[in-house]
Amino acid sequence: MDDRGLVRPVQWFGSWRGRRGELSARGGAGAAAGASRGERARTPGAAVGAEPSDGGGVVRFARSSLRIFVTAGGAVFSGWDGAEPLPSHGLAGSPPERDPRAVLEPDMDGGWRVVSERVTVAVSRLGAVEFRTPGGVVLRRELPPRWWEPVDGGPGRWLLRSEVAADARVFGWGGRAEGVRLREARLGWADGAAGGRSPLFGMPVELVVADAGTHLVFHDTARAGRVVVREGEEGAGSGHDRSGSVELRMEGGPLRSWLLVGGPARVLGGFVRLTGAPVLPPAWAFGRHHRFRFEGPVAEAEVREAVAGCSARGVPLSAVHLGDSAALPQTPEVSGGFARDAGAVPDAARLAKDLDGAGVRLVWAGAPGGGPEPAARGQDAGVPYAELSARGFAGVVRGPALRDGSGAGLAGAGVVDEARAVREELQAACPEEPPFLAAVEGWAGIQRAAAAWVAQDPVQDGWAGLRAALSAVLGLGLCGVPFTGLDVSEAAAPGGSPPGRWRRAAPGASPELALRRLELAAFLPMLRTSGPQAVPGPDGEAVLRERERLVPYLLSSARLARWTGAPMVRPLWWEHPGDRGLRECEDAFLLGDALLVAPVLEPGATRRAVRLPRGRWYSTAAACPWEGPGEVVVEAPLGRVPVLARAGSVLPVRGPGGGTEWEVWAPVRGRTGGGLVARDTDGGPADPGIGRYTTRWDGDRVVAEWRVGDERVPVAGPLRVRGDG
């Protein structure tokens, strides 16, 4: 296929933009434009041949080569200039086996193509690459890359421009505060990208949702880079569509990426199979955590008093954090957080034993061990972490990586390697139970070593911080990190003490904002409050008790996330990506398979609009039903989070006596409900105990049953039916 044949049939692409990109790839004056002094501008040139192999092959151009192959699971690898899948920080071991049925074959006009069951990859004779559905619809078009080689040698700079459909919406790129959906965005990843420090969870993982289908791209490079995303626009009347675009610039190369096509669940599952299944935190980690933050020795009596206060009032508490996961300075001048703060808890082992008797674990939050150099930290990591375990700490929340005076430090991929080493040390020190490890920064693949903790950013204080936090958690889930936690800092803790040694007041902090932040955090996978008073006011207590009631459901959703790769916190379009209205919604989310959570994100609101996916949904507060798709207005007084349950679903919840009971939401009469749930939330990660259930009406009663092969077995245990169907 030639340039014109490649662009002309795709009416929704910006044809002239694509044409200009192809023309620049011919190596004319335009290709040299922008090349800095001392560099040579390069483009692939024309195709000169190809070498087929299992699953694809190599297309050779005048000045470069492109390796393309499809795996047995449908993932597509593409690597320029000899790039191979390995070595890789992102992959969890060897790449998947290649699909023997996919072959590289000649295409029209001097191009080449690989045809597989789920995707067709077409390479033009000048190096443009199209990814198409089996029906021939183009999902993504990458223009021929450009790169600049230093005259004196060394790594070059690479540029890749891609086009997506005019109706496409782009999500992902890590835990971003600016909004989970990228409209007009300029992002960076790895330290030093885009002229400054990148987001703590900046990940080159891009999820694109369009009417034609969903696809995910993982740019497997740990080098500093930046991306510019622009949404497309559909033409009105006789106007032309404007395609969306993604422009990737990378310091060094060559380019390599993985692409998956399918529904959201399929592409996320495939991505997690590539980068590693998430490690499942211990069950207690899904309870409420509380952090004591200090600038001097912690008074042990204050910790004990706070824990006793929670026990006396029946306020849930599962873990106490000592230290600080973000605010303690990490610089070469003040390195080794554990050595610096070891005297803060002189008898941690005794404290940990006493707390464990009350069902509360002790966690270190900081940056223990190491010196200013990443290699030194990795080499010496075992000593302080083993000591932490010996002193009774059951887990660690890792602070940001050490940086030098210029802001440079471990690249994102290096953080993943370090987290893996830390986890191995913790597991070796205490092999009896899985360790709890959470990180406040990371890269693609961090989920196979640690959970992610979203610390409150001082820049995002106030009401904007609520949206920023929700955006970060949703974005991490779409990048394969399902287990995330959110801080309710002492500056926003309801019922806290006046600012002083324990806390610093945040601009714009108010009791209303504090409670709304707690409401949001309570319905995310993990929750941490902080401050000297672990017992909040009455409204805060009610929110924490409702979260504690849902802990069995959170554990079930966590096991499903590990098994399937689906995030625990999902955008509303997750099951209906073709619903454009849901693709626009960024202020509500799905928690697991059964619940829709609509937090209040603006001041003074006591009601809010909620857009519903297809099906019947019940208010968990009033059990009244609503039908989706559509938009409804729900009551949202202070102290109550609007939560809706899917009709026909079964949730394991904590009963009044502390045991697990089953909450069944009635299906629509004449229909059945069903889904997956962990039958035993105490099972180990190797045996998730996943069961498939169905719900139905039998006369005037609702029946919930397990499906075991062709048989149906009644769900045993306390059963509570809600909703009237």
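These values consider heavy atoms only, across backbone and side chains, with no hydrogens, waters or symmetry-generated copies. This is a predicted model, so every value here is computed, not measured.
The environment of CZ in Arg266 is sparse: at most 12 heavy-atom neighbours from other residues, nucleotides or ligands sit within 6.0 Å. More than 12 non-hydrogen atoms from other residues, nucleotides or ligands lie less than 6.0 angstrom from CZ of Arg580.
Salt bridge status for Arg161 with Glu163: absent, with no side-chain N to carboxylate O gap under 4.0 Å. The existence of a salt bridge linking Arg242 and Glu234 is excluded, since no basic side-chain nitrogen approaches an acidic carboxylate oxygen closer than 4.0 Å.
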*Let me see the working for Thr214 and Val208 under side-chain contact (heavy atoms from CB on, under 4.5 Å), right down to the final yes or no.*
CA-CA 6 Å; Thr214 300; Val208 182; over 6 Å; no

*Kindly indicate, with the supporting measurements, whether the criterion salt bridge (Lys or Arg N to Asp or Glu O under 4.0 Å) is fulfilled by Asp211 and Arg583.*
CA-CA 11 Å; Asp211 287 354; Arg583 296 206 300 252; 3.2 Å; yes

*Pair Trp173-Leu182, side-chain contact (heavy atoms from CB on, under 4.5 Å): steps then yes or no*: CA-CA 9 Å; Trp173 291 95; Leu182 286 73; 3.6 Å; yes

*Is there a salt bridge (Lys or Arg N to Asp or Glu O under 4.0 Å) between Arg67 and Asp81 once you walk through the steps?*
CA-CA 8 Å; Arg67 181 178 301 278; Asp81 243 20; over 6 Å; no

*For side-chain hydrogen bond (donor to acceptor under 3.5 Å, both in side chains), just list the numbers for Ser64 and Arg42, CA-CA rounded to whole Å, side-chain angles, deciding distance to a tenth of an Å, and then say yes or no.*
CA-CA 9 Å; Ser64 189; Arg42 290 287 185 263; over 6 Å; no

*Please test Glu233 against Asp241 for side-chain contact (heavy atoms from CB on, under 4.5 Å), starting from the C-alpha separation and ending with a verdict.*
CA-CA 6 Å; Glu233 185 177 348; Asp241 289 353; over 6 Å; no

*asked:* I'd like to know whether Val115 forms a side-chain contact (heavy atoms from CB on, under 4.5 Å) with Val103, so could you lay out the CA-CA distance, the side-chain angles of the two residues, the decisive distance to 0.1 Å, and finally the verdict.
replied: CA-CA 7 Å; Val115 180; Val103 295; over 6 Å; no

*Start with the C-alpha gap between Glu130 and Arg140, add the side-chain angles, then the distance that decides, and say whether salt bridge (Lys or Arg N to Asp or Glu O under 4.0 Å) holds.*
CA-CA 6 Å; Glu130 283 187 350; Arg140 186 183 190 89; over 6 Å; no

*Begin with the C-alpha distance, continue with both residues' side-chain angles, and end with the deciding distance and a verdict on salt bridge (Lys or Arg N to Asp or Glu O under 4.0 Å) for Glu418 and Arg398.*
CA-CA 10 Å; Glu418 190 178 72; Arg398 288 280 300 162; 2.9 Å; yes

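Here Ser257 pairs with Ser78, Val217, His219 under the side chain to side chain contact (heavy atoms under 4.5 Å, CB included) rule; sequence neighbours left out. In this structure, the salt bridge (charged side-chain N to carboxylate O under 4.0 Å, His left out) partners of Arg169, at least two apart in sequence or on a different chain, are Glu231, Glu584.
For the side chain to side chain contact (heavy atoms under 4.5 Å, CB included) criterion with Leu216, the lone passing option out of Leu268, Leu259, Val261, Val209 is Leu268. Arg113 pairs in a side chain to side chain contact (heavy atoms under 4.5 Å, CB included) with only one of the listed residues (Ile68, Val59, Asp107, Leu104), which is Asp107.
The side-chain heavy atoms of Val119 and Arg132, taken from C-beta on, include no pair separated by under 4.5 Å. In this structure the side chain of Val569 reaches within 4.5 angstrom of the side chain of Leu591, judged on heavy atoms. Considering only heavy atoms from C-beta on, Thr221 stays 4.5 Å or farther from Leu255 through its side chain. In this structure, Val114 and Thr120 have side chains that are not in contact, with every pair of non-hydrogen atoms separated by 4.5 Å or more. Residues Leu260 and His215 are not in side-chain contact: their nearest non-hydrogen atoms beyond the backbone lie 4.5 Å or more apart. Inter-residue side-chain proximity for Val164 and Ser243 is flagged as unmet; no heavy-atom pair is nearer than 4.5 Å. Between Phe218 and Leu274, every side-chain heavy-atom pair lies at or beyond the 4.5 Å cut-off. Two residues are said to be in side-chain contact when any heavy atoms from C-beta on lie closer than 4.5 Å; Pro95 and Glu84 fail this criterion.
The distance between the ring centers of Trp80 and Phe61 falls below 6.0 angstrom. For Trp258 and Phe77, the gap between ring centers is short of 6.0 Å.
Summarising the geometry of Ala561 relative to Phe483, their closest heavy-atom pair is CB-CE2, 4.1 Å, with the distance given to 0.1 Å. Shortest non-hydrogen contact noted between Trp574 and Leu590 is CB-CD1, 4.3 Å. Here the closest non-hydrogen pair linking Leu582 and Leu572 is CD1-O, 3.6 Å. Considering all non-hydrogen atoms of both residues, Val272 and Gly480 come closest at CG2-CA, 4.1 Å. Of all non-hydrogen atoms in Gln447 and Gly276, the two that sit nearest each other are NE2-O, 2.9 Å.
If you check the side chains of Ser116 and Arg101, you find no donor sitting under 3.5 Å from an acceptor. Judged by distance alone, the side chains of Glu97 and Thr71 never bring a donor and an acceptor atom under 3.5 Å apart.
Geometrically, Arg181 does not engage Phe171 in a cation-pi contact defined by less than 6.0 Å to the ring centre and at most 45° from the axis.
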